[in-house]
Amino acid sequence: MLGDSITAGGVDEVEPVQQCSTNWANEEWVLEIRNELDQVLHDDPTPLRKRLSKKRSMIYKVPALLKNLNNKAYEPQMVSFGPYHCGKEHLKPMEKRKHTVLLYFLHESGKPQESYVNALAPVVQDLKDSYDALDPRWHGDTSGFLKLMVLDGCFILHILDCVYRDKVDFLGDLETAGIKRDMLLLENQLPMLVLLRIDQVRNDGKLREDFIEKCVLQFLGFMTWGPLRMWKCLHVLDMYRKVLIFDEKYVGDTGSPRRAFRFWSAIELTEAGIRLEPSYEVEQGSLAFNANDGVLKLPRLEVDHATELTFLNLIAFDGLQAGDLQGEATSFIYFMRQLIKTPRDVSVLISSGILANNGIGSDEAIVQLFDSLSKDSPIHNPYTSKMYFDVYIGIGDYRRKPQNRLRAYVVHAYHESTNWSPLAYLSILAAILLFILSFLQTWYTLYPYYHPRK
């Protein structure tokens with residue numbers, strides 16, 4: 001036996017594999033696999049390795065590993081987009097609204113419905129391939145699948161148009177918030193190709209990628225300046241992801257994984273003289289550290305009741321999607337968890353314009369939100385990307401400068417001695433004022449003695 005060859009000192013010898021006398025080649029399941037492989041190779045001569053490396057799926061079913069931790073985080077509550085949740089009972093009320101919007105969309109655009117169907121029909125197989133776990137009924141019902149794509153695509157574009165023009169008069173605030181939440185769920189995505197093709201038809205054949213990107217980002221609450229050039233976003237969740245983490249310098253980085261580091265909190269960074277500023281220039285990188293002036297730029301985040309769910313879906317997408325920027329969103333979320341350790345860190349980030357508390361409650365609630373991410377989703381291998389590694393190294397070198405180390409020590413000691421009391425700053429100002437007045441009084445007393453009037 002193999003186990004007999006293992007001694008206390010290690011493996012002495014591995015016995016050769018014995019050939020079985022039973023002929024398994026004619027077993028039914030072996031024949032099925034062999035026939036399936038022959039059929040696959042006959043239908044498409046492309047090597048299997050290349051086919052696997054060019055996987056086209058971009059919209060996934062969330063694995064049970066994550067759903068068992070927090071199932072509601074991945075389920076739409078207001079509206080379904082795409083085939084995964086289509087027809088569910090609790091989402092049917094919005095289906096009637098979708099149909100009404102479709103009629104209005106067709107009337108306003110002046111284009112017949114078949115124009116939109118004809119625009120999507122040539123790429124219908126690509127759209128089906130976008131879904132990693134598409135139900136077989138959709139594979140056999142191309143007409144029904146195209147109907148779904150047109151219905152959902154027109155609905156999304158109408159909402160984006162209304163938000164862009166600030167005329168959302170057919171939805172209440174609760175419905176708008178629910179749609180925004182559901183639009184960022186991984187299982188509830190629509191390929192960006194659908195939105196682009198439908199918009200192209202209604203715009204007389206002109207492709208408007210920049211316009212769609214601006215509308216989506218405005219709906220999601222992002223503020224951006226200058227041209228966007230979002231580099232072929234796959235869907236709305238992917239666009240949200242790239243706004244947070246994209247930097248052209250690091251696209252295609254395939255370097256070896258870097259080990260995780262303990263990062264500093266927002267308070268610790270400011271104690272060392274590092275300024276925190278929001279980043280609006282998406283195309284130049286949302287997260288970067290400038291060692292020359294000691295400025296750390298971070299993407300601006302509106303934290304609300306849907307933020308936790310959005311981040312959980314980002315982590316799921318990050319772990320399932322292969323290619324550029326793999327693991328970046330998870331690294332960013334871990335990065336933010338390190339920055340936010342206490343309510344004081346939240347206060348610093350809010351005053352810096354990086355965080356905006358959009359009705360979630362106290363600063364402590366934001367701390368708990370980021371802490372909960374580690375409980376509802378496993379976060380592995382933080383700082384695996386070169387972008388975060390470079391930021392860490394740059395800040396580490398900046399903090400090690402003698403003047404910055406001294407500053408950090410003095411400021412931290414002062415904060416600890418005053419127990420972070422706001423009144424302590426007033427007492428310092430009062431002491432400085434008292435010192436100045438005492439100096440002036442002493443000077444006016446001694447000056448006549450040494451300089452008497454003649």
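- Panel note: side chain K98, backbone V79; no donor-acceptor pair is recorded below 3.5 Å.
- With a 4.5 Å cut-off on side-chain heavy atoms, H158 and Y104 count as touching.
- Between the side chain of Q189 and the backbone N or O of H235 there is no donor-acceptor pair closer than 3.5 Å.
- Heavy atoms only, all atoms of each residue included: L312 and A73 are closest at CD1-CB, 3.7 Å.
- Side-chain contact check for K96 and H99: no donor-acceptor pair (N or O, by modelled atom type) lies under 3.5 Å.
- Under the 4.5 Å side-chain criterion, counting only non-hydrogen atoms from C-beta, L234 is not in contact with I59.
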Going through the distances and angles, do D204 and K111 end up as a salt bridge (Lys or Arg N to Asp or Glu O under 4.0 Å)? CA-CA 9 Å; D204 298 323; K111 305 290 192 303; 2.9 Å; yes
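- Closest heavy-atom contact between E302 and N358: OE1-ND2, 3.5 Å.
- Between Y84 and W138 the shortest side-chain heavy-atom distance does not fall below 4.5 Å.
- Put simply, the side chain of S265 does not reach to within 4.5 Å of the side chain of T342, judged on heavy atoms.
- In this structure, E75 pairs ionically with K67, as a charged nitrogen and a carboxylate oxygen lie closer than 4.0 Å.
- The backbone N or O of S57 sits nowhere less than 3.5 Å from a side-chain atom of D129 that would complete a donor-acceptor pair.
- Between the D141 side chain and the R137 main chain, no donor and acceptor come within less than 3.5 Å of each other.
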Begin with the C-alpha distance, continue with both residues' side-chain angles, and end with the deciding distance and a verdict on ring pair (Phe, Tyr, Trp, His ring centres under 6.0 Å) for F155 and F105. CA-CA 8 Å; F155 185 73; F105 188 92; over 10 Å; no
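- In K147, the NZ atom is not crowded: 12 or fewer heavy atoms of neighbouring residues, nucleotides or ligands sit closer than 6.0 Å.
- Of the possible donor and acceptor atoms, none in the side chain of R181 sits under 3.5 Å from a partner among the backbone N and O of A306.
- Contacts of E36 classified as salt bridge (charged side-chain N to carboxylate O under 4.0 Å, His left out), with partners at least two apart in sequence or in another chain: none.
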Test side-chain contact (heavy atoms from CB on, under 4.5 Å) on L157 and R202 and set out the steps. CA-CA 11 Å; L157 284 174; R202 71 167 176 175; 4.3 Å; yes
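- Closest non-hydrogen pair, P191 versus Y131, comes out as CD-OH, 3.3 Å.
- Ion pair K242/E213 not flagged as a salt bridge, since none of the NZ, NE, NH1 or NH2 atoms sits closer than 4.0 Å to an Asp/Glu carboxylate oxygen.
- The existence of a salt bridge linking D371 and R337 is excluded, since no basic side-chain nitrogen approaches an acidic carboxylate oxygen closer than 4.0 Å.
- N35 places a side-chain N or O within 3.5 Å of a backbone atom of L31 that can act as its donor or acceptor partner.
- Between the CD atom of E268 and the CD atom of Q338 there is a distance of 10.0 Å, given to the nearest 0.5 Å.
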Test side-chain contact (heavy atoms from CB on, under 4.5 Å) on L339 and L269; report intermediate values, then the result. CA-CA 9 Å; L339 281 181; L269 292 178; 3.6 Å; yes
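- Using modelled atom types, one finds no donor on one side chain facing an acceptor on the other under 3.5 Å when comparing S352 with E277.
- A donor-acceptor pair under 3.5 Å links the side-chain atoms of E175 to the main chain of G172, judged by distance alone.
- Using a 4.0 Å cut-off between charged side-chain N and carboxylate O, K61 and D132 make no salt bridge.
- To the nearest 0.5 Å, atoms CG (L186) and CG (L314) are separated by 9.5 Å.
- Under the 4.5 Å side-chain criterion, counting only non-hydrogen atoms from C-beta, I340 is in contact with L355.
- Taking the side chain as every heavy atom from C-beta outward, I366 and T307 never approach each other to under 4.5 Å.
- In this structure, N188 contributes its side chain and P76 its backbone to no donor-acceptor pair below 3.5 Å.
- Here F81 pairs with nothing under the ring-ring contact (aromatic ring centres under 6.0 Å, His included) rule; sequence neighbours left out.
- A salt bridge between E89 and K92 is present, with a side-chain N of the basic residue lying under 4.0 Å from a carboxylate O of the acidic one.
- At most 12 non-hydrogen atoms from other residues, nucleotides or ligands lie less than 6.0 angstrom from CG of D173.
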Does the side-chain contact (heavy atoms from CB on, under 4.5 Å) test come out yes or no for V295 and K297, once each step is laid out? CA-CA 6 Å; V295 173; K297 289 199 170 185; 4.0 Å; yes
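- Summarising the geometry of P112 relative to L106, their closest heavy-atom pair is C-CD2, 4.3 Å, with the distance given to 0.1 Å.
- For D304, the salt bridge (charged side-chain N to carboxylate O under 4.0 Å, His left out) test picks out no residue, with sequence neighbours left out.
- You'll find the ring centres of Y164 and F211 inside the 6.0 Å limit.
- Side-chain atoms of F219 and I159, non-hydrogen and from C-beta on, do get closer than 4.5 Å to each other.
- To the nearest 0.5 Å, atom CG of residue L103 and atom CD of residue Q113 are 8.5 Å apart.
- If you take CG on L276 and CZ on F289, they are separated by 10.0 Å, rounding to the nearest 0.5 Å.
- The minimum heavy-atom distance between P83 and L134, with the atom names listed, is CG-CD1, 3.4 Å.
- With ring centers used as reference points, Y392 lies under 6.0 Å from W264.
- Expressed to the nearest 0.5 Å, how far CZ of R241 lies from CG of L184 amounts to 13.5 Å.
- The closest donor-acceptor contact from the side chain of N290 to the backbone of N292 lies under 3.5 Å.
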F335 and L298: side-chain contact (heavy atoms from CB on, under 4.5 Å), yes or no, with the steps? CA-CA 11 Å; F335 184 91; L298 296 162; 3.5 Å; yes
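- Checked for salt-bridge contact, R97 and E95 miss the test: no charged N lies under 4.0 Å from a carboxylate O.
- Under a 3.5 Å cut-off, the side chain of D238 and the backbone N or O of C233 do not form any donor-acceptor pair.
- Two residues are said to be in side-chain contact when any heavy atoms from C-beta on lie closer than 4.5 Å; D345 and P343 fail this criterion.
- Side-chain contact annotation: T330 with D318, donor-acceptor N/O pair under 3.5 Å present.
- Note that CZ of R400 and CD1 of I395 are 11.5 Å apart. Values are rounded to the nearest 0.5 Å.
- Summarising the geometry of E187 relative to Y60, their closest heavy-atom pair is CG-O, 3.4 Å, with the distance given to 0.1 Å.
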